[in-house]
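Okay, structure first, notes after.
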Amino acid sequence: MRDFESPFFIGVDIGRTIRAALVDERGRVWLQSRVLAERRDPRAFLRQVIAVLCALRDAEMARGRVAAIGIGWPGLIGQQTPRIALASHLVDVTECDVYGEIREALGVPLVFENEANAAAYGEWACGAAQGLHDVFYVTIGTGIGAALILGGRLQRGAHGFAGEFGHVKVESGGIECGCGGRGCLETIASGPNIVRRVRERLFSDPTFSLSPLAVQMEGTLSVPQIVQAALDGDELARAVLRETGRYFGLAIANVLNLLDVEMVCLGGPVMLAGEILLDAVRKEARKHTLRMIFEGCRFAIGALGQDAGIIGAALLARDAVAAMASP
Ligand SMILES: [Zn+2]
């Protein structure tokens, strides 16, 4: 039961699917909606987002009680003037006044946040990292993002762009990244690149020809299929996920040596792979991290699953409203 006077917040997670929910002030999800994102027309995409938000605001249980909206968006989100500086993997909305149009259509305070920051905030406020002060959060999906919580505060950097972990260099050379650089973690270990590496192995190594994954090659090989094959004991899938974990472990070790955090929390759809990936990350990180630092750090999979971004965005909106109210 909830108090009929208490406010709701709408949390939104923008990706290939637009996911949104009514969330209460304790981070509990009450009503969810999702729609496949329009990927060609930025105007149509923006209309979709506004329609999803209006439907939740006008839902029977929420009527008159939505206090603020938080939106987690992939890409670089400037903090001074909320503007989407780079939206990767999605329709390009850099020419649209996304903030202004949503604000005007909904008429409640609006907070934009990088999607990894939003998910980290969710895990920190009411998930796996609850109660901790120093956390490094990594999300692994279509892209790779990260967030830093240090001294109990989300750290955004001087311009709001901190945490671009996908562009940490883990190889000299390597294939070209969307950022224009080479050797970025994302070019090896993001969801689409895990799929690419599985495909390349299937082509190059005949000993894997009997892999169940080979049968699926004709269709659309996806990360969930690879993860499922790995969980079912498929050696190729397991080898690629372990190798992925080693790249993450190396990159994370550099962060640990620099920041000495209490927890590394891993989330995002690729973490459905669970222990297979986590174990490889932990083992590789141990090799490259100073012992005292490694021993003081826990490795965990996010507890909120796919809802981390929605809950975190809503709670960022909650806390922004509270900060506005206090003198
Ligand atoms: Zn890059």
Side-chain angles (χ1 to χ4, degrees), residues 13-16 37 39 42 72-79 83-95 112-120 136-148 154-201 221-223 226 240-259 261 264-271 273 277 280-281 284-285 288-289 309:
D13 187 2
I14 303 279
R16 288 185 172 169
R39 287 171 65 189
W73 202 292
L76 304 177
I77 312 296
Q79 288 294 311
R83 208 174 75 83
I84 317 296
L86 173 71
S88 51
H89 318 306
L90 286 173
V91 66
D92 183 358
V93 293
T94 42
E95 297 304 312
F112 268 90
E113 188 60 74
N114 168 271
E115 61 167 349
N117 284 354
F136 183 57
Y137 177 84
V138 181
T139 176
I140 316 167
T142 308
I144 294 169
L148 279 166
L154 192 56
Q155 304 293 324
R156 299 181 175 91
H159 310 96
F161 304 150
E164 286 298 316
F165 191 54
H167 304 288
V168 163
K169 306 298 182 268
V170 291
E171 273 187 338
S172 57
I175 64 173
E176 190 174 335
C177 178
C179 73
R182 286 182 191 274
C184 296
L185 179 62
E186 194 160 296
T187 64
I188 297 165
S190 69
N193 282 297
I194 293 172
V195 172
R196 174 182 61 76
R197 282 163 41 232
V198 168
R199 281 182 185 279
E200 285 171 1
R201 294 255 185 121
L221 189 62
S222 68
V223 168
I226 293 167
V240 169
L241 288 177
R242 279 196 300 265
E243 183 185 67
T244 304
R246 287 198 292 275
Y247 279 103
F248 274 108
L250 173 64
I252 286 170
N254 288 321
V255 174
L256 292 184
N257 285 332
L258 195 65
L259 297 176
V261 296
V264 171
C265 182
L266 301 171
V270 175
M271 283 316 295
L277 195 50
V281 172
E284 191 70 12
H288 305 289
T289 307

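Numbers here simply count residues along the sequence, with the first being 1. Both ligands and their constituent atoms are indexed starting at 1 by order of listing.
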In the protein, how many N/O/S atoms are under 2.8 Å from the Zn ion (ligand 1)?
->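 With waters ignored, the protein N/O/S count below 2.8 Å is 4.
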
F136 vs L148, side-chain contact (heavy atoms from CB on, under 4.5 Å): CA-CA, chis, key distance, verdict | CA-CA 5 Å; F136 183 57; L148 279 166; 3.7 Å; yes

Checking side-chain contact (heavy atoms from CB on, under 4.5 Å) for the pair V270/I194: CA distance, chi angles, key distance, verdict?
-> CA-CA 9 Å; V270 175; I194 293 172; 3.7 Å; yes

Judged by atom type as modelled, is there a donor-acceptor pair below 3.5 Å linking the side chain of T187 to the main-chain atoms of G183?
->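 No, T187 side chain to G183 backbone: no donor-acceptor pair under 3.5 Å.
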
Contact check, side chains of V264 and V255, non-hydrogen atoms, under 4.5 Å =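 Counting from C-beta outward, V264 and V255 never come under 4.5 Å.
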
Look up atom CG in L185 and atom CD in E164, then write down how far apart they are to the nearest 0.5 Å.
->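 It comes to 12.0 Å.
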
Does the pair I188 and N193 meet the rule for a side-chain contact (heavy atoms from CB on, under 4.5 Å), with working shown?
-> CA-CA 5 Å; I188 297 165; N193 282 297; 5.6 Å; no

